[in-house]
Amino acid sequence: MSNSKGKKSTTRRDFLKSGLFIGAAATTGIGLFSSFTTPKETKGEKVKVMTSDGNLVEVEVNKLEKPNLPKFDSASLDLNELQKRGREGIAGKKWVMVIDLSKCRNARKCMDACQHAHHLKPEQHHINVLQMQTDDNLAPYYMPKPCMHCDNTPCTKVCPVDATFKRQDGIVLIDNERCIGCRFCVAACPYSARVFNWSETIDEKKDNNDTYNIELNVPQKKGTITKCLFSADRLRENKLPYCVSACPNGTYWFGDRNEDAVTNGTTGETVRFSELVEKNAGYTLMPELGTKPSVYYLPAKDRVFDFDEEDKKRLEEERHHEH
Amino acid sequence: MSSEKLTKEEAKTRFEKMVSDITRPMTHHYGLNVWIFVLLMILSLFGYAYFIQVRDGLGVTGMHDYAAWGMYIANFVFFVAAALVGMLISAVLGLSGQKWITPVSRIAEMIAVAFAMIAGLVIVFDMGRPDRVLNVFIHGRVQSPIVWDLTVVTTYTIISTLLLVLPLIPDMAIIKKRLTNAPKWQMMIWNMLSLGWIGTPEQYKILHRSIRALLILIVPVALMIHTVTSWLFAMTPRAGWNSTVFGPYFVTGAFVTGVAGVIVAMYFFRQNYKLKDYLTDFHFDKMGKLFVLVAMVYMYFNVNEFFVPGYKMMEGEDHHILTLFVGSWAGLFWFAQIFGNIIPMFLPIFKFFRKPMPLMIISVLAVLGAWIKRYIIVIPGQLHPFLPVQNVPDKFHFYVPTGPEIAITLGTIGMAITIITILAKIFPVIPIWEVAEEKGIDKETINE
């Protein structure tokens, strides 16, 4: 395995050393980048390139111009750049999420979109829709649970190597290039938001070629942590997080607290964050722990549905496990 | 005690007999080959299991996202606990003027050094990316309890090693003059560690002073290693870990573990090394009394740890306490409490149970109970987080250690025992010069 890994990365480095596509790659992003991992190009050959307005065009290789960049080892520059901006975050922002529990119908599109984007296994959840029933007399409800991106973070405090950290825009990220896999953060997180790559990751062989993007935490790496990132890579592109845009039921609002505005991922409607939370009796999970979450919940009013028999059985079993 | 009454001749004969009694097992060790073979088997099993773990990831263990710390961390806590006894015996009792500890102190130090050394490795074996262990030094954050732990465990290992090596200096000089047909490498070690000791008053002065300084220094460091280890848990908000008495609770628990460990080792050396004249019934009697004392203190903290939250039964805590006392963990919990605390607290009150054999049996069970206690501290709290465990495989509701995991854990215990075995093979397990001085043999004879 390690053999093939070494070989692949050399090919890519050789290719990148020719320095041809750096400009294009930097402007069009990862999608293009990974399509260029083919072996060396020779003079006169044609390649397909995506322009900045999204058109695919064919160009002769030798007509591509060398971008006017200072000379660096391009491969490492790229990772460093990603790491640097990933650690800094987006200036002036303070991301916030509002989850309207009265809207959640357990469609689980958020979970699918998230697992797909972050190359997760079926049992690995950055966002997990929990079936909540605190009491037999209360109607059940569904509660999507991402990372709370706490302002008083139990997880980043305990990290011995600064592999998990809080950025200026409030997002708690993971650097799996640095993580030593001690799992102290898993033990410390009261929301069970953290997931470990216990064994080989799902796309390990396929992803090996890609430069690690700290804002997407892909490629996932065996022996390191992963968790919800508020889709920091999407925010970088002014897009809503994967889960938020995937929801068909209007459950999620996402936005910038500094602007006091949140946008609904389904309807696109934008409202005042403070008003939304105040008018609907918004709350955070386990405020008594003092973690100061960035994720707010609107209460599960209008609980119109019941869990099906299978769900009931499972919940009962779970409660049985506990005793 | 009976100094000055011995004639020069008597002193010399007694001393020579003593030296040959204590050093005999170093040259004639029956069964050593078999013992080393057993240890090698354990270590190779470990090697194979660890190879599998590195190749396939921590997924080969029983750990998962809802029991992210398992047997390894429990074992680590046990190792730190066992290492603490060096400080209790040598420093706390030594500095308070207890003379009877002299023949026991080196065994305690050997245990301390062996377990402290391996404790750090146990953590490395638990890491998902052991290849990045240097990141702790490159990117270390002082805010993380792991970094505190690493710092104090390293410091403790160094001071404990010095506390083992310094009192060895006069013994090394004694041995190198007598065991002249030992292998060359052994002679070299003895010669080196004797540091040119000839027993001048000046040398004695320096030696006593440095040992005393170390004994004072090791007390806060030892308290810190186990307090900080307890903070790995207490610094998180989880039920069962979120406790303010965790520091002293761990430290006092470690004293029980350590005393039990030393009693087992004493019994082993007394029988196998034929040291009945040096590790006498009197020493076991004293250790038995010490056992009662430390178990009582530990009981005090157990009451605090369980009675206070048990009385309030706050949400989260209530569930944790019920699982331990009457739920699925009750069997292990009561084994640990009964054999690890209640029995050591009551039985050695009676003289019969302070005899070597009964005391050794109580101690073996107490060591086992101590290990299980750490297991119970680490695992159940994680299996019941604040939010429900859902949309994951059924096995995430339990924690069952796997074969490789058990093999690696046994391997680390094997490593510690290997270190003790090697130390006991190269160095006398009884401090010859100190015991001789106590028996009234003059310094001149000792350093002749």
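The figures here come from the full heavy-atom set of this structure, side chains too, leaving out hydrogens, waters and symmetry mates.
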Under 4.5 Å from any heavy atom of chain B, what part of [X] do you find: side chain, backbone, both or neither?
X	answer
A:T291	neither
A:C189	backbone
A:N176	backbone
A:L285	side chain

First locate atom [atom1] of [X], then atom [atom2] of [Y], and finally report the distance between them rounded to the nearest 0.5 Å.
X	Y	atom1	atom2	answer
B:H64	A:W198	NE2	CH2	8.0 Å
B:R129	A:C182	CZ	SG	13.5 Å
B:R55	A:E200	CZ	CD	11.0 Å

Taking atom [atom1] of [X] as the centre, does the number of heavy atoms from other residues, nucleotides or ligands within less than 6.0 Å exceed 12?
X	atom1	value
B:M314	CE	no
A:K109	NZ	no
A:E288	CD	yes
B:Y48	OH	no
B:F307	CZ	no

Among the listed options A:C179, A:S199, A:P122, the residue most often paired with chain B at heavy-atom distances under 4.5 Å |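 Counting heavy-atom pairs under 4.5 Å, the top option is A:C179.
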Between A:A163, A:P190, A:P160, the one whose heavy-atom pairs under 4.5 Å with chain B are most numerous |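 Option with the top pair count is A:P160.
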Looking at B:N242, B:V326, B:L387, B:V392, which has the largest count of heavy-atom pairs under 4.5 Å with chain A?
->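 Of the options given, most contacts go to B:L387.
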Looking at B:V133, B:V147, B:L232, which makes the most heavy-atom pairs under 4.5 Å with chain A?
->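 Counting heavy-atom pairs under 4.5 Å, the top option is B:L232.
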Within the side chain of [X], is there an N or O that forms a donor-acceptor pair under 3.5 Å with the backbone of [Y]?
X	Y	result
A:R183	B:A68	yes
B:N135	A:R178	yes
B:T236	A:A188	no
B:D65	A:Q124	no
A:H125	B:N391	yes
B:R141	A:C159	yes

Using heavy-atom distances under 4.5 Å, tell me whether [X] contacts chain A through its side chain, its backbone, both, or neither.
X	answer
B:V54	backbone
B:W148	neither
B:F233	neither
B:M235	neither
B:Y66	side chain
B:I73	neither

What's the shortest heavy-atom distance between A:M132 and B:P388, and which atoms?
->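 Minimum heavy-atom contact is SD-CG, 3.7 Å.
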Smallest separation among heavy atoms of B:L58 and A:F196, with atom names |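 Looks like CD1-CE2, 3.8 Å.
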Do [X] and [Y] make a side-chain contact, defined as non-hydrogen atoms from C-beta onward lying under 4.5 Å apart?
X	Y	answer
A:K157	B:S144	no
B:P145	A:F184	yes
A:I180	B:V136	yes
B:I146	A:V158	no

In terms of side-chain geometry, is the basic nitrogen of B:D56 or A:K222 positioned less than 4.0 Å from the acidic oxygen of its partner?
->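 No, no charged N to carboxylate O under 4.0 Å.
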Please assess B:H139 against A:D175 for the test side-chain contact (heavy atoms from CB on, under 4.5 Å), listing each intermediate value before the final yes or no.
-> CA-CA 12 Å; B:H139 303 291; A:D175 182 352; over 6 Å; no
